[in-house]
Peer 1: 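Handing you this structure, nothing more for now.
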Amino acid sequence: MDFTKDTRFAGIEPFANKIWLSSPTMHGDEQKWVDEAIRTNWVSTVGANINEIEKEIAAYIGTRYAVALSAGTAALHLATKLAGEKLYGQARPNQGTLQGHRVFCSDCTFDASINPVAYEDGDAVFIDTEYDTWNMDPAALEKAFEIYPDVQLIVVAHLYGIPGKMEEIKQIAEEHGALIVEDAAESLGAKVKLGDQWVETGTLGDYNCISFNGNKIITGSAGGMFLTDSKEDADKVRKWSTQSREAAPWYQHEEIGYNYRMSNIIAGIVRGQIPHLDGHIAQKKAIYERYMEGLADLPVSMNPFDAERSEPNFWLSCLLIDEDAMALSVRGDREYLYARESGKSSPHEILDALAAFNAEGRPIWKPMHMQPIYRTHPFITVEGNGRGCSNAYIEGTGVDVGADIFRRGLCLPSDNKMTSEQQDRIIEVIHRCFK
Ligand SMILES: Cc1ncc(COP(=O)(O)O)c(C=O)c1O
């Protein structure tokens, strides 16, 4: 269908320049610090930019140590490996530290959160999502401990910059003696209230990770960090990330190593971005609030958060279509189809309409328990085992919150550089989809 010729969209002009989901927003100093690295010949995985951003991020987040790495995925891998070693001891060089062990994992997240469990030979068990924040459901986590009482590790992410229910999750972890790997890749700068204290995401686990991927709230084009209060853990991650070199005059190795350290050039970009983190959060918040207001008359809601006990970074604004306003639509593993129904719409109709007017949205991250690669892994909902819940002789299929949010939701263009006029046009396109 050509949306630009559809009479429902009459009078709306496509954007001359694409409006992105979330693209890098540079300010000038990034260039200065990159140039400085080149001028002084610190074009390597050591240098002043790395030292400086480790100090600045640790101070911002409130951890003693930050270790700059090549990606958030690298941080998550080493965090997961540290947890595995702590729980189950050192593995042989050709084996993962989680071999033979289950790990409870956020289900509605990007696969980089939980792939490290597989890198370390562990078995991910996916925990369903709650509607209040679209993150791991503490009630489903409790259920999971009833079914698998021996589990000792939880990997938890904060989706789209909105913190999960960490007070409850931390409490459950403590009751069961489990460790937490926190994936704050999307939520840098978001805060939660623990008791009467506000703390940053990235301090809430036993091992914590952030990302500077090009689409994140601040970026180095790539990069990530491991955050901790433990000097021993910080030192270990530094060692592992630089090929596990021992203090010997030659290359000497007692442990398996990785080439995961951040480059001083990337660190220069991050260094130029850090002073703008709060500014970016304010822009993202304004975008979220503008959508909230502009879409208030439609049968949709925004990705929700707990206004009393959390302060998101509003990285991505998303919407969820009310069940009774969902037009008929189906998805296969690669294709989709939807019907046009008056007064209703569907995520793919809205995404296609936005694309036709040169704006980028995205489907909700497809839950991990629905991914072909993890289809044989357990999935636990508030009702218990979420697999094999349907029956030829009985109506219904059981609760699956993640699948429902994936079916009815979508991520909206949330770029810092989008003007309010441009956002108004996007809001108008969404309105016309429901005509
Ligand atoms: C939730 C989540 N975890 C982990 C990652 C991985 O970070 P990176 O791309 O820096 O490896 C991303 C994004 O890329 C993410 O969105």
Peer 1: Show the numbers, then the answer: is there a side chain to side chain contact (heavy atoms under 4.5 Å, CB included) between Trp315 and Ser414?
Peer 2: CA-CA 7 Å; Trp315 174 57; Ser414 305; over 6 Å; no

Peer 1: Do Ile19 and Asn358 make a side-chain contact, defined as non-hydrogen atoms from C-beta onward lying under 4.5 Å apart?
Peer 2: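 No - every pair of side-chain heavy atoms lies 4.5 Å or more apart.
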
Peer 1: Is it true that His348 and Tyr338 have ring centroids separated by less than 6.0 Å?
Peer 2: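 Judged by ring-centre distance (under 6.0 Å), His348 and Tyr338 do not meet the cut-off.
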
Peer 1: Which residues pass the side-chain contact (heavy atoms from CB on, under 4.5 Å) test with Pro372, sequence neighbours left out?
Peer 2: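 For Pro372 the side-chain contact (heavy atoms from CB on, under 4.5 Å) partners, ignoring immediate neighbours, are Asp333, Arg375.
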
Peer 1: With heavy-atom distances below 4.5 Å as the criterion, would you say the side chains of Val382 and Val399 are in contact?
Peer 2: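 Side chain of Val382 against side chain of Val399, heavy atoms only: contact under 4.5 Å found.
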
Peer 1: Could you check whether Asp424 pairs with Arg290 (Lys NZ or Arg NE/NH1/NH2 to Asp/Glu carboxylate O, under 4.0 Å)?
Peer 2: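 Salt bridge between Asp424 and Arg290, a charged N being under 4.0 Å from a carboxylate O: yes.
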
Peer 1: Have Lys239 and Ser244 got a donor and an acceptor in their side chains that come within less than 3.5 Å?
Peer 2: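 No.
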
Peer 1: State, without any angle test, whether His77 and Glu120 hold a side-chain donor-acceptor pair at a distance under 3.5 Å.
Peer 2: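 Per modelled atom types, His77 and Glu120 side chains form a pair under 3.5 Å.
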
Peer 1: Salt bridge or not for Glu167 and Arg309, using N-O below 4.0 Å?
Peer 2: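 Here Glu167 pairs with Arg309 in a salt bridge, since their nearest N and O are under 4.0 Å apart.
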
Peer 1: Do Glu182 and His158 have side-chain N/O donor and acceptor atoms under 3.5 Å apart?
Peer 2: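 Yes, side-chain donor-acceptor contact under 3.5 Å.
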
Peer 1: Between Glu30 and Lys32, does at least one N-O distance fall below 4.0 Å, as a salt bridge requires?
Peer 2: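 The answer is no: the pair does not qualify as a salt bridge.
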
Peer 1: Does a side chain donor of either Trp365 or Glu186 reach within less than 3.5 Å of an acceptor in the other side chain?
Peer 2: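 Side-chain D/A pair, Trp365 to Glu186: present.
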
Peer 1: Can you tell me how the ring of His27 sits relative to the ring of His276, calling it parallel under 30°, perpendicular over 60° and tilted otherwise?
Peer 2: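 Parallel, since the angle between the ring planes stays under 30°.
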
Peer 1: With a 4.0 Å cut-off, would you call Lys165 and Glu168 a salt bridge?
Peer 2: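 Result for this pair is no, no salt bridge flagged.
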
Peer 1: Is there a side-chain contact between Leu179 and Gln152 in this structure, where contact means two heavy atoms from C-beta onward sitting under 4.5 Å apart?
Peer 2: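 They are not in contact (no side-chain heavy atoms under 4.5 Å apart), so the answer is no.
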
Peer 1: What is the distance from atom OG of Ser310 to atom CG of Asp132, rounded to the nearest 0.5 Å?
Peer 2: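 CG of Asp132 is found 10.5 Å from OG of Ser310.
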
Peer 1: Apply side chain to side chain contact (heavy atoms under 4.5 Å, CB included) to Asp128 and Lys143, showing your working.
Peer 2: CA-CA 10 Å; Asp128 200 13; Lys143 259 295 177 235; over 6 Å; no

Peer 1: Counting only heavy atoms not in Glu323, do more than 12 sit closer than 6.0 Å to its CD atom?
Peer 2: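 Counting other residues, nucleotides and ligands, CD of Glu323 exceeds 12 neighbours.
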
Peer 1: So do Glu175 and Gln171 actually touch side chain to side chain, heavy atoms under 4.5 Å?
Peer 2: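 Gln171 vs Glu175: side chains touch.
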
Peer 1: Does atom NZ (Lys86) have a neighbourhood of more than 12 heavy atoms from anything else shown, all under 6.0 Å?
Peer 2: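 No - once you tally the heavy atoms of other residues, nucleotides and ligands closer than 6.0 Å, there are 12 at most.
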
Peer 1: What distance do Ile50 atom CD1 and Asn264 atom CG have between them, rounded to the nearest 0.5 Å?
Peer 2: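 Between Ile50 CD1 and Asn264 CG, I get 4.5 Å after rounding to 0.5 Å.
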
Peer 1: Determine whether the aromatic ring centres of residues Tyr374 and Phe379 are separated by less than 6.0 angstrom.
Peer 2: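 They do not qualify: ring centres at least 6.0 Å apart.
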
Peer 1: Which one of Arg245, Lys236, Arg92 satisfies the salt bridge (Lys or Arg N to Asp or Glu O under 4.0 Å) criterion with Glu255?
Peer 2: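 With Glu255 as partner, salt bridge (Lys or Arg N to Asp or Glu O under 4.0 Å) holds for just one option, Lys236.
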
Peer 1: Would you please indicate yes or no on a ring centroid separation below 6.0 angstrom for His369 and Phe126?
Peer 2: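 Not close enough - the centres of the two rings lie 6.0 Å or further apart.
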
Peer 1: Hey, are Ser113 and Asp183 close enough side-chain-wise for a donor-acceptor pair under 3.5 Å?
Peer 2: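 The criterion, which ignores hydrogens and geometry beyond distance, is satisfied for Ser113 and Asp183.
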
Peer 1: Hey, could you give me the CG/OG distance between Leu69 and Ser263, rounded to the nearest 0.5 Å?
Peer 2: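 Between Leu69 CG and Ser263 OG, I get 12.5 Å after rounding to 0.5 Å.
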
Peer 1: Is the closest basic N to carboxylate O distance between Glu428 and Arg425 below 4.0 Å?
Peer 2: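 No salt bridge links Glu428 with Arg425.
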
Peer 1: Can you confirm whether His431 sits close enough to Leu298 that some side-chain heavy atom of one is under 4.5 Å from a side-chain heavy atom of the other?
Peer 2: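 A side-chain contact under 4.5 Å exists here.
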
Peer 1: Does atom CD (Gln197) have a neighbourhood of more than 12 heavy atoms from anything else shown, all under 6.0 Å?
Peer 2: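 It does not: Gln197 CD has 12 such atoms or fewer within range.
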
Peer 1: Checking Glu311 against Trp198: is there a side-chain donor and acceptor pair closer than 3.5 Å?
Peer 2: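 No, because no side-chain N or O of Trp198 sits under 3.5 Å from a partner of the opposite role on Glu311.
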
Peer 1: Return yes if a side-chain donor-acceptor contact under 3.5 Å exists between Glu85 and Thr97, otherwise no.
Peer 2: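 On atom types as modelled, these side chains do not qualify, holding no pair under 3.5 Å.
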
Peer 1: With side chain to side chain contact (heavy atoms under 4.5 Å, CB included) as the test, would you mind laying out the steps for Thr203 and Leu227 before giving the verdict?
Peer 2: CA-CA 7 Å; Thr203 63; Leu227 306 169; over 6 Å; no

Peer 1: Indicate whether any N or O donor in one side chain lies under 3.5 Å from an N or O acceptor in the other, for Ser346 and Ser329.
Peer 2: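 Their side chains do not contain a donor-acceptor pair, so the 3.5 Å distance test is not met.
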
Peer 1: Looking just at side-chain N and O atoms, do Tyr258 and Lys81 make a donor-acceptor pair shorter than 3.5 Å?
Peer 2: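 Present: a donor and an acceptor within the cut-off.
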
Peer 1: Show the numbers, then the answer: is there a salt bridge (charged side-chain N to carboxylate O under 4.0 Å, His left out) between Asp404 and Arg407?
Peer 2: CA-CA 5 Å; Asp404 183 41; Arg407 184 174 64 88; 3.0 Å; yes

Peer 1: When you check the side-chain N and O atoms of Asp235 and Tyr65, is any donor under 3.5 Å from an acceptor?
Peer 2: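 Absent: no donor and acceptor within the cut-off.
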
Peer 1: Check the angle between the aromatic planes of Phe305 and Phe314 and answer parallel, tilted or perpendicular using the 30° and 60° thresholds.
Peer 2: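 Taking Phe314 first and then Phe305, their aromatic rings stand perpendicular (interplane angle over 60°).
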
Peer 1: Report, as yes or no, whether the 6.0 Å neighbourhood of atom CG on Asn94 holds more than 12 heavy atoms from other residues, nucleotides or ligands.
Peer 2: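 Count over threshold, so yes.
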
Peer 1: Using only heavy-atom distances, determine whether the side chains of Tyr60 and Asp278 contain a donor-acceptor pair under 3.5 Å.
Peer 2: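 Yes - a donor-acceptor pair under 3.5 Å links their side chains.
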
Peer 1: With the side chain counted from C-beta on, respond yes when Asp107 and Ile127 share a heavy-atom pair under 4.5 Å apart, and no when they do not.
Peer 2: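 Counting from C-beta outward, Asp107 and Ile127 never come under 4.5 Å.
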
Peer 1: Can a side-chain donor-acceptor contact be found between Asp415 and Ser23 if the only test is distance below 3.5 angstrom?
Peer 2: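 Looking only at side-chain atoms, Asp415 and Ser23 do form a donor-acceptor pair, the distance falling under 3.5 Å.
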
Peer 1: Are Glu54 and Arg271 close enough for a salt bridge, meaning some N to O gap below 4.0 Å?
Peer 2: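 No salt bridge links Glu54 with Arg271.
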
